[in-house]
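Down below is the structure, laid out as structure tokens.
None of these values were measured; they are calculated from a predicted model. The first residue of the sequence shown is numbered 1, and numbering continues consecutively from there.
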Amino acid sequence: MPRKTVNVLTLLEWANKNLARDDEYATVEFKSAMCSMIEMVLHETDNYAGFMFHDNDDSDTGTLGYYSRSYFYSSKMRKEASGDKRRAS
């Protein structure tokens with residue numbers, strides 16, 4: 001079976017965009033799943049560099065605020081992002 005790959009930087013940016021959402025479909029369950037997925041990918045590819053809450057005052061464990069976060073680029077990913085002129089917006 002052929003194997004497809006996806007760019008980890010693209011996946012991280014997609015996850016961060018979804019974790020910033022505040023529409024009716026961006027539930028605790030949705031964001032929790034998004035965090036689990038991106039953390040697994042980042043750890044498996046040696047790209048985990050931590051995260052920050054969007055609002056430190058709304059970050060109690062298990063709440064919507066807890067899962068409203070952004071994951072940081074690893075040093076490898078920062079180099080890739082800075083070298084990709086299409087990302088400059």
Side-chain angles (χ1 to χ4, degrees):
M1 185 151 125
R3 181 177 175 170
K4 285 204 166 230
T5 59
V6 65
N7 181 285
V8 176
L9 177 59
T10 301
L11 189 60
L12 173 63
E13 290 173 341
W14 178 80
N16 279 342
K17 184 172 93 173
N18 278 284
L19 290 169
R21 288 175 42 194
D22 62 0
D23 59 79
E24 64 184 290
Y25 302 106
T27 63
V28 169
E29 294 81 9
F30 173 83
K31 289 188 177 191
S32 171
M34 190 70 54
C35 289
S36 293
M37 177 272 307
I38 196 60
E39 285 186 18
M40 186 275 301
V41 169
L42 294 173
H43 282 293
E44 288 289 319
T45 60
D46 264 344
N47 281 299
Y48 187 82
F51 69 89
M52 68 176 192
F53 293 116
H54 292 169
D55 181 357
N56 284 333
D57 294 329
D58 179 23
S59 60
D60 290 339
T61 303
T63 65
L64 190 58
Y66 179 77
Y67 295 110
S68 297
R69 54 176 75 177
S70 291
Y71 288 87
F72 297 120
Y73 290 5
S74 67
S75 56
K76 292 186 289 186
M77 295 170 86
R78 276 193 303 276
K79 289 177 188 172
E80 181 181 340
S82 68
D84 189 348
K85 302 302 181 211
R86 294 173 297 159
R87 293 191 187 285
S89 38

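- One finds the CZ atom of R78 at 10.0 Å from the CZ atom of F72 (value rounded to the nearest 0.5 Å).
- Evaluation of the side-chain contact (heavy atoms from CB on, under 4.5 Å) rule for S59 yields F53 as partners, not counting sequence neighbours.
- Put simply, OG1 on T5 and CG on L11 are 11.5 Å apart, with the number rounded to the nearest 0.5 Å.
- Residues K79 and Y73 form no side-chain contact, since every pair of their non-hydrogen atoms from C-beta on lies 4.5 Å or further apart.
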What side-chain donor-acceptor pairs closer than 3.5 Å can you find for residues 36-44, not counting sequence neighbours?
{"residue": "S36", "atom": "OG", "partner": "S32", "partner atom": "O", "Å": "3.2"}
{"residue": "E39", "atom": "OE2", "partner": "R69", "partner atom": "NH1", "Å": "3.3"}
{"residue": "E39", "atom": "OE2", "partner": "Y71", "partner atom": "OH", "Å": "2.5"}

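- C35 SG to F30 CZ: the interatomic distance, rounded to the nearest 0.5 Å, is 10.0 Å.
- Not counting sequence neighbours, the partners of K76 by the side-chain contact (heavy atoms from CB on, under 4.5 Å) test are D46, N47, S74.
- In this structure, the separation between CE on M77 and CD on E13 is 7.5 Å, given to the nearest 0.5 Å.
- With sequence neighbours left out, the salt bridge (Lys or Arg N to Asp or Glu O under 4.0 Å) criterion links D23 to R21.
- Without hydrogens or angle criteria, K31 side chain to L19 main chain gives a donor-acceptor distance under 3.5 Å.
- Residues V8 and E80 form no side-chain contact, since every pair of their non-hydrogen atoms from C-beta on lies 4.5 Å or further apart.
- Applying the side-chain hydrogen bond (donor to acceptor under 3.5 Å, both in side chains) rule to E24 yields no partners; only residues at least two apart in sequence or on another chain are considered.
- Atom CG of residue L64 and atom CG of residue D22 lie 9.0 Å apart, to the nearest 0.5 angstrom.
- In this structure, OG on S70 lies 8.5 Å from CG on L12, to the nearest 0.5 angstrom.
- Scanning for side-chain contact (heavy atoms from CB on, under 4.5 Å) contacts around D57 gives D55, with sequence neighbours left out.
- Across all non-hydrogen atoms, the minimal contact from Y66 to D60 is CB-O, 3.1 Å.
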